[in-house]
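Since the structure comes first, as structure tokens, the remarks are kept for the end.
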Amino acid sequence: MVQSEKICIKLPNGKEIVLTGSVSPDGILQEHFPDKKNTCIAAVLNEKPIDLSREISESGDLRFMDIQQPEALDIFWHSSSHVMAQAVKNLYPDAQLGIGPSISRGFYYDFKLDTPITPDDLPRIEAAMQKIIDENQVFERQVLNRSDSIDVFKSRNEPFKVELIQEIEDEQVTVYQNNGFMDLCRGPHVPSTKFIRYFKLTSVAGSYWHGDERNAVMQRIYGISFPDKKQLKNHLLQIEEAKKRDHRKIGKELDLFSFHQEGPGFPFWHAHGMILYNNVQRYLQKTLEIHGYQEIKTPLILNEALWHQSGHWDNYKENMYFTSIDEQPFAVKPMNCPGGLLVFRNNLHSYKDFPIKMSEMGLVHRHEKSGVLHGLFRVRMFTQDDAHVFCTPEQIETEVIQIIDLIDEVYSTFGFNDYEVELSTKPLKSIGSDEMWQRAEAALENALIKKQMKYQLNPGDGAFYGPKIDYHIRDSLDRLWQCGTIQLDFSMPERFSLEYVGPDNSKHRPVMIHRAILGSVERFIGILIEHYAGDFPLWLAPVQCAVLPISEKHESFASTVLELLRSQGIRCKVDNRNEKIGFKIRDAETHRINYMCIIGDREVEEQSVSLRQRKKGNLGTFDTEALIKRFMDELDRRANH
RNA sequence: GCUGGCGUAGCUCAAUUGGCAGAGCAGCUGAUUUGUAAUCAGCAGGUUGUAGGUUCAAUUCCUAUCGCCAGCUCCA
């Protein structure tokens, strides 16, 4: 490239240099920061990432991307996917390349290939990758014009790449090449393959070209790589930990719930699971009572006409189940609001009664495609901790603030102190006047601002009937789960002609706020199981205490202790099996029982127990009074540990 | 829904190229009477998801079906 003007570059250390001739970031790195030569993988010129080997053709700020910087991982993973694709092409010359991006955690590449790739093939591909890495092949960038590049990829039998180029509007495209492997790619890449130090291919799966099931079926290989061995190890450990915490696995181990062929997507709650379910529900009901809610319950099956009126027929029919009663069409409710509206409309309401906060633990059924069902996280039947707040437009902001506080209170009870909030505004398809939307969005936004909440704006992502605030809670493994939601609704009051009598003695239309805190009780319990890894806090635990007599002769006092604890509402059991104490302790520990009361000669003598806490070990001797006090105190605080 | 994988005892998993379905844990019985994460021995446990088919013979091969698991644009 001919340089018409001199190029001035400002370096990260503040130094300014003038380039003469053809200079790449590589050269500058060698000259000015020789110690970083081995750890830099790319440069950033005027906030645009470029290859280290790329000739600098414009003036501006230049900095270097160290391999340890998070932003470098993106490039790192992208290069890793190239190496993987190259390895696959070496092993399967017939494979046609799809796309191979870096993703939030790792990378993948899609291939069209007639021979199926199974997990057993991954070590072979990994070995082929290692060979490429050991050869330290240099990634070479090349600029081609469109038609040439199309010819190139046609001749290489890469129809998908040709299709991609045809979708590109630019006259020039870039390709990267190393040792005969070529890929259409925007770049940048790490300088050479040796930078991909530690990697692992994690899974194979099917996918579709452009994600559309009408298109060609592709095989996708997922992988992860890191510059540091420890990072890779930690990542793999985290995957292991997540597997250990899988609520489906723990649910089976602790006998919490089950699923059956006879009811796909419909959870069966077992006795232990019901304790979780009931405790979560009771806690919530009590809390709502304190916050001025009144609880209602509406029928599971309602006449289809209601669903026409509510708009669900038009917008939600695909997800609903239908039946008939006395030859009349009925539907199983997928949401609770229409039923709640009938309750509201059953009485005449004065503005003096507002806000009216009606809550419902509503069992809803929603048809989900069979392929998306997933334990308690994605089911076809669940209980929503639903509520509808009816108020005047002026009351919206205050009510939303109260809900924000309530949600925070509930989440922190379960140890979720970290959550993310999104505000979604008017979508293209919507009902209601612009003025109404503006007022509603402002009310939600003001509430968030007043509470000094950080939130992400999702323009155009609101429901068709109103804007909303969504909550995502972060669990102990740093994963996000959508749970709570606060939605303003102008549509339902309209459709159902809701009214209240105002101070002017005439009728007005109320505003309705839908809100859920847990979202789905079932899903929330799934999240709790994984969050606590099955080690539930005392107030939730299915079995809180195991009474363990050392031998047969201690059974009598053990029963006395059991009865005493039971009389105080402690969920406990006695283990009278003919086993050694070590066995009984192990059994109680593996069943995640919070406390063990060990009873031998000494304890019978002193009328006390030797208390042991799950995962913590021996706590020493407690007389029965101190024991109960300890339990009650922990229960009162709903202590999280 | 689509693609691929899987379905064996209550649970976790075995079973050469098709050749008598097996182990550990849990359960039951007996011995042992135990002091802070597994005492020993014995017994029992199955229409191999379901329905067809191929075969002298099917857990194994084929077809259908049900369910489970993973994935199904985070775009060169």
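Letters A, B, ... are given to chains in the order of the sequence lines, protein chains preceding strands, and every chain is numbered from 1.
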(message) Taking pairing as Watson-Crick or G-U wobble with both contacts under 3.5 Å, can you name the mate of B:rA64, or confirm there isn't one?
(response) B:rU50
(message) Categorize A:Leu373 for me: base, sugar-phosphate, or nothing, with a 4.0 angstrom heavy-atom threshold over every strand shown.
(response) sugar-phosphate
(request) Decide yes or no for A:Val547 and A:Leu565: does some side-chain heavy atom of the first lie under 4.5 Å from some side-chain heavy atom of the second? (result) yes
(message) Does B:rC72 have OP1 or OP2 under 4.0 Å away from a side-chain N or O of A:Tyr222?
(response) yes
(message) I'd like the C1' distance from B:rC28 over to B:rA44, given in whole Å.
(response) 7 Å
(message) Let me confirm one number: the NZ-CZ distance from A:Lys243 to A:Arg248, rounded to the nearest 0.5 Å.
(response) 11.0 Å
(request) Write down the distance between OH (A:Tyr108) and P (B:rA70), rounded to a whole number of angstrom. (result) 19 Å
(message) Whole angstroms only, please: what is the NZ-P distance between A:Lys369 and B:rG67?
(response) 16 Å
(message) Suppose you measure atom C1' in B:rU29 against the same atom in B:rG71; what distance do you get, rounded to whole Å?
(response) 49 Å
(message) At a heavy-atom distance below 4.0 Å, what parts of residues 79-92 of chain A sit against RNA chain B?
(response) none
(request) Sort out the partner of B:rC2 for me: Watson-Crick or G-U wobble, both distances under 3.5 Å, none otherwise. (result) B:rG71
(message) Tell me which residues in residues 261-271 of chain A lie within less than 4.0 Å of RNA chain B, going by non-hydrogen atoms.
(response) A:Gln261, A:Pro264
(request) Determine the Euclidean distance between corresponding P atoms of B:rA57 and B:rG18; express it in Å to zero decimal places. (result) 15 Å
(message) Nearest 0.5 angstrom please: A:Ile585 CD1 to A:Met596 CE, how far?
(response) 7.0 Å
(request) Sticking with atom C1', work out how far B:rA14 lies from B:rC72, rounded to a whole angstrom. (result) 34 Å
(message) I need a per-nucleotide contact map over nucleotides 34-43 of chain B, read 5' to 3'. Cutoff is protein heavy atoms under 4.0 Å; write B for the base, S for backbone only, - otherwise.
(response) BBBBBB----
(request) Take the protein atom CZ of A:Phe160 and the nucleotide atom P of B:rU73, then report the distance between them rounded to whole Å. (result) 16 Å
(request) Using the C1' atom on both, measure B:rG22 against B:rU39 and round to a whole Å. (result) 26 Å
(message) In this structure, how many angstroms lie between the C1' atom of B:rC74 and the NE2 atom of A:His210, rounded?
(response) 15 Å
(request) Indicate yes or no: does A:Glu420 engage A:Lys454 in a salt bridge with an N to O separation below 4.0 Å. (result) no
(message) Using a heavy-atom cut-off of 4.0 Å across all strands, would you classify A:Lys584 as base, sugar-phosphate, or nothing?
(response) nothing
(message) Looking at A:Lys161 and A:Asp183, is there a salt bridge between them, counting it only when a charged N and a carboxylate O are closer than 4.0 Å?
(response) yes
(request) Show your reasoning for whether side-chain hydrogen bond (donor to acceptor under 3.5 Å, both in side chains) applies to A:His247 and A:Glu530. (result) CA-CA 6 Å; A:His247 73 279; A:Glu530 303 205 358; 2.9 Å; yes
(request) Scan A:His374 against the nucleic acid and name what it touches under 4.0 Å (heavy atoms): base, sugar-phosphate only, or nothing. (result) sugar-phosphate
(message) Could you identify the nucleotide paired to B:rC28, looking across every strand shown and requiring Watson-Crick or G-U wobble geometry with both distances under 3.5 Å?
(response) B:rG42
(message) Any side-chain to backbone donor/acceptor pair from A:Glu126 onto A:Leu201? Under 3.5 Å, distance only.
(response) yes
(request) Please round to the nearest 0.5 Å and tell me the distance separating atom CD of A:Glu163 and atom CD1 of A:Ile168. (result) 11.5 Å
(message) When the P atoms of B:rC40 and B:rC20 are compared, how many Å lie between them, rounded to an integer?
(response) 33 Å
(request) Starting from P on B:rG4, measure out to CD on A:Gln219 and report it in whole angstrom. (result) 9 Å
(message) Heavy atoms only, 4.0 Å cut-off, all strands: where does A:Val175 land among base, sugar-phosphate and nothing?
(response) nothing
(request) Just call it for A:Ile99: base, sugar-phosphate, or nothing, with non-hydrogen atoms closer than 4.0 Å on any strand. (result) sugar-phosphate
(request) Sort out the partner of B:rG18 for me: Watson-Crick or G-U wobble, both distances under 3.5 Å, none otherwise. (result) none
(message) Set out, in order, the CA-CA distance, both residues' side-chain angles and the distance that settles side-chain hydrogen bond (donor to acceptor under 3.5 Å, both in side chains) for A:Tyr532 and A:Arg245, then state yes or no.
(response) CA-CA 8 Å; A:Tyr532 292 126; A:Arg245 288 173 178 240; over 6 Å; no
(message) Say we look at B:rU3 and B:rU8: how far apart would their P atoms be, to the nearest angstrom?
(response) 24 Å
(request) May I have the distance from A:Arg186 (atom CZ) to B:rC75 (atom P), rounded to whole angstrom? (result) 9 Å
(message) How about NZ on A:Lys249, more than 12 heavy atoms from neighbouring residues, nucleotides or ligands closer than 6.0 Å, or not?
(response) yes
(request) May I have the distance from A:Asn576 (atom CG) to B:rU33 (atom C1'), rounded to whole angstrom? (result) 13 Å
(message) Closer than 4.0 angstrom, basic N to acidic O: yes or no for A:Arg614 and A:Glu589?
(response) no
(request) Can you tell me the distance, in whole Å, between the CZ atom of A:Arg248 and the C1' atom of B:rC6? (result) 14 Å
(message) Would you compute the distance between atom CG of A:Asp94 and atom CG of A:Asn157 and round it to the nearest 0.5 angstrom?
(response) 8.0 Å
(request) For B:rC2 and B:rU48, measure between their P atoms and round to the nearest Å. (result) 29 Å
(request) In plain terms, say whether A:Lys244 and A:Glu241 are close enough for a salt bridge, that is, a side-chain N and a carboxylate O under 4.0 Å apart. (result) yes
(request) Look up atom CZ in A:Arg571 and atom CD1 in A:Ile593, then write down how far apart they are to the nearest 0.5 Å. (result) 12.0 Å
